[in-house]
**Student:** 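Following this message is one structure expressed as structure tokens.
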Amino acid sequence: MASAFSHAIAALSIGACFYRPGVPKRFWVAGVFCSVVPDLDVLGFGLGIQYGDPLGHRGLTHSLAFAAALAGIVTFTFFRKRIPGLGSKALFAYLFLATASHGLLDAMTDGGLGVAFFAPFSNTRYFLPWTPIRVSPIGVSRFFTDRAVEVLKSEVVWIWIPAAVLALVGWGIRKRDAT
Ligand SMILES: [Zn+2]
């Protein structure tokens, strides 16, 4: 995984591209939630599920099908009260991208197994051809080690800065469209 902070930052930058004036806080919370949920699969280690299993780490919860399912569930449960100016299709697209960004970023890390983008139909694991992000150790206690500095550095360069640029561009386009 990339670290949870970085997944959240990626989700916020995607959210900025869907921003409308007056969006409620739950708009941002839902995006962050969707972006970190896929790593709940690490709980499976305690249940004896292996990394490479279909339900293992970077398996089903990191797939595009899961992203669509989670986005659908969150859209219909947390956003029964509509956000003015933001239709449920746009909301679904935002939450889908926030969830799917998790697998995409994991597929750009330099360690572990690849991401099962096409689960549950195929458990083939994929990396992108380009893997500049240092893989983050699994688990919070192991995160605070010397390697954490190195991991954070690579995430700042390859996730935080691009996310800031995306947010600024997305925000700028939204503002221009609103005026
Ligand atoms: Zn992950």
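Residue indices begin at 1 and follow the sequence shown. Both counts, for ligands and for their atoms, begin at 1 and track the order of listing.
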**Student:** Any idea which N/O/S atom from Asp106 gets closest to the Zn ion (ligand 1)?
**Tutor:**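 Asp106's closest N, O or S atom to the Zn ion (ligand 1) is named OD2.
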
**Student:** Please tabulate, for side-chain N and O atoms in residues 22-32, each donor-acceptor pair with protein atoms closer than 3.5 Å (sequence neighbours left out).
**Tutor:**
unit_1	atom_1	unit_2	atom_2	d
Arg26	NH1	Phe78	O	2.7
Arg26	NH2	Lys81	O	3.4

**Student:** If the cut-off is 2.8 Å, does any N/O/S atom of His7 fall short of it from the Zn ion (ligand 1)?
**Tutor:** no

**Student:** Which atom name would you report as the N, O or S atom of His102 nearest the Zn ion (ligand 1)?
**Tutor:** NE2

**Student:** Return yes if some donor-acceptor pair links the side-chain N/O of Thr61 with the main-chain N/O of Pro38 below 3.5 Å, else return no.
**Tutor:**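 At least one qualifying donor-acceptor pair exists.
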
**Student:** Which is the closest N/O/S atom of Asp39 when seen from the Zn ion (ligand 1)?
**Tutor:** OD1

**Student:** Whether the side chain of Arg20 engages the backbone of Gly85 through a donor-acceptor N/O pair (distance < 3.5 Å, no angle test) should be reported.
**Tutor:** yes

**Student:** Show me the donor-acceptor pairs, under 3.5 Å and distance only, between side chains in residues 124-132 and residues at least two apart or in other chains.
**Tutor:**
unit_1	atom_1	unit_2	atom_2	d
Thr124	OG1	Ser122	OG	2.9
Arg125	NE	Asn123	OD1	3.4
Arg125	NH1	His57	O	2.9
Arg125	NH1	Arg58	O	3.2
Arg125	NH1	Gly114	O	3.0
Arg125	NH2	Tyr51	O	2.8
Arg125	NH2	Asp53	O	3.1
Arg125	NH2	His57	O	3.3

